[in-house]
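Here's the structure, in structure tokens; my notes come after.
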2 protein chains.
Amino acid sequence: MKKIQVVVAEDQAMVLGALAALLETEPDIAVCARAANGREALTAVGKNKPDVLVTDIEMPEMTGLTLAAEVRDRYPQTRVVILTTFARPGYLRRALDAGAKGYLLKDRPSAELADAVRRVQRGLRVVDPDLALEAWDSGPDPLTERERQILWRAGEGKSSGEIADELHLSEGTVRNYLSEAISKLGASNRVEAARLARAKGWL
Amino acid sequence: MKKIQVVVAEDQAMVLGALAALLETEPDIAVCARAANGREALTAVGKNKPDVLVTDIEMPEMTGLTLAAEVRDRYPQTRVVILTTFARPGYLRRALDAGAKGYLLKDRPSAELADAVRRVQRGLRVVDPDLALEAWDSGPDPLTERERQILWRAGEGKSSGEIADELHLSEGTVRNYLSEAISKLGASNRVEAARLARAKGWL
DNA sequence: CTGCCCTCATGACAAACGTCACCTCCATTT
DNA sequence: AAATGGAGGTGACGTTTGTCATGAGGGCAG
């Protein structure tokens, strides 16, 4: 019997090695390559044509969400499983839009990883049920692209003036967008708004 | 030859399982217990009297730093290795104060974990060299306790008034403390100050 | 005992922030 | 052709922030 070929992508080297070790303990799974960022992962998928790519979301070079979309377009025979810390509805939605077949949280038992890989390889979908539910009733991302850009920078501690310069807008406009975002999110100032948006995965 | 007995503590179940799998691949190391939080870890150490405890810092119930101090006081035969994402000088300092023998970053190669466990078990110290250097020249925590409390809440998006109510202070006083903290950290507003302090592990 | 630092406070002022009404321009939808 | 809605803008207004000077009390080391 041929083993399921898997590529693992994760930016924390220690966790990457550990996840690989975990998958290698399964008799029917083989880790054929490891990647420390999105770009490496894409190359590795191209070279190895694995059955499954297991990837983190937050990585340098290329985010796991972008990676998933690239893999879907260029190597459709490889199914993607997103493995992430973040139970953010926005992330799940974007992951599924990007063609990911699985979405698994890092705080699930480690046995579920191998299971998810097997299920996805068989063509099934694997999505954390709690998260799927939350994604449903938390509604879609209410922010426009501009609001997102601006709110992000505000969350970094930048002033309205700095943000305006950076995005070639007037300061008043920046304040307007922030005001809109604050009211959409039910926050009482920019900092709280940024926190809420981050928690939902909208930022 | 008797294997090195290790307890692993980590709040993300998937990562916990993976780290255990990683250590189990070493012929001279045995994982005798796993813990999902600080309290569990303390119990497990009491029961198993392992040679080494490998623990994350940010965990529910009891932080890895508190845990390290408890283990030093109650089970001194067990050496503690901190394994964390955060290259924060403040964390390193507090970890060493708490009697940790090792401080390892999750973005180091996975091979280093087993090495660190072996070294620490032999009575050596293992500290990430880059981080140790940074901890040295980044100086000690400049914030007072009050400044920390206030800056923390400001970073959560609370207004000066809210913080004042919470801590039973006048609003002016809160603004004074924030102003102090902002200038100490060389920031230009409360949000940036909170970000910087967090990055240093002072919050 | 005398600095020195932390805590907490007040008052005042300029700058930044949040809100609102109201405007143009432009692309998409109906 | 009209309606919608996003993007960008202006001006005005009140509130919040950040700064500074200044002071009162308390603890603690030299």
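Numbered from 1 within each chain, the chains take letters A, B, ... in sequence-line order. Scope of the values below: all heavy atoms of this structure, side chains included, with no hydrogens, waters or symmetry mates. Since this is a predicted model, take the numbers as computed values, not measurements.
- One can place CD of A:E162 at 14 Å from C1' of C:dC17, the figure rounded to the nearest angstrom.
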Intermediate values then yes/no, side chain to side chain contact (heavy atoms under 4.5 Å, CB included), A:I57 and A:F86: CA-CA 9 Å; A:I57 289 188; A:F86 305 106; 5.7 Å; no
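- Among the heavy atoms of the strands lying under 4.0 Å from A:S160 are primed sugar atoms or P, OP1, OP2 only; no base atom is included.
- Annotation: cation-pi geometry satisfied between B:R88 and B:Y91 (NZ/CZ under 6.0 angstrom from ring centroid, within 45° of ring axis).
- Nearest nucleotide to the side chain of B:T144, out of D:dT19, C:dC6, D:dT16: C:dC6.
- At whole-Å resolution of the value, CG in B:L178 and P in C:dT7 are 14 Å apart.
- Phosphate contact (OP1/OP2 of C:dT19, side-chain N/O of A:R175, threshold under 4.0 Å): absent.
- Between the P atom of D:dG8 and the CD atom of A:E171 lies a distance of 16 Å, rounded to the nearest Å.
- Residue B:N176 has its side chain nearest to D:dT19 when only C:dT19, C:dT7, D:dT19 are considered.
- Classification of A:E10 and A:K106 as a salt-bridged pair holds, one side-chain N sitting under 4.0 Å from a carboxylate O.
- Ion pairing of B:D28 with B:R118 is present here, as a side-chain N (NZ or NE/NH1/NH2) and a carboxylate O approach within less than 4.0 Å.
- Look at A:R190 and you'll find a side-chain N or O under 4.0 angstrom from OP1 or OP2 of C:dC17.
- Contact annotation: A:S188 side-chain N/O to C:dG18 OP1/OP2 distance is not under 4.0 Å.
- Taking atom CZ of residue A:R148 and atom P of nucleotide D:dA7, one finds them 10 Å apart after rounding to whole Å.
- By the 6.0 Å contact criterion, NZ on A:K47 is open, its count of non-hydrogen atoms from other residues, nucleotides or ligands being 12 or less.
- Distances shown here put every side-chain N or O of A:S170 at or beyond 4.0 Å from the OP1 or OP2 atom of D:dG8.
- One finds no side-chain N or O of B:R146 lying less than 4.0 angstrom from the OP1 or OP2 phosphate oxygen of C:dC6.
- The shortest distance between the side-chain N/O atoms of A:S179 and the OP1/OP2 oxygens of C:dT19 is below 4.0 Å.
- In this structure, A:E180 atom CD and D:dG9 atom P are separated by 16 Å, rounded to whole Å.
- Residue-to-nucleotide proximity on DNA chain C shows that, of B:P142 and A:K158, the 5′-proximal contact is made by B:P142.
- Atom pair B:I163:CD1 and D:dT16:C1' shows a separation of 12 Å (rounding to whole Å applied).
- Rounded to whole angstrom, the span from the NE2 atom of A:H168 across to the P atom of D:dA7 amounts to 17 Å.
- Straight-line distance from the CZ atom of A:R153 to the C1' atom of C:dC17: 19 Å, rounded to whole Å.
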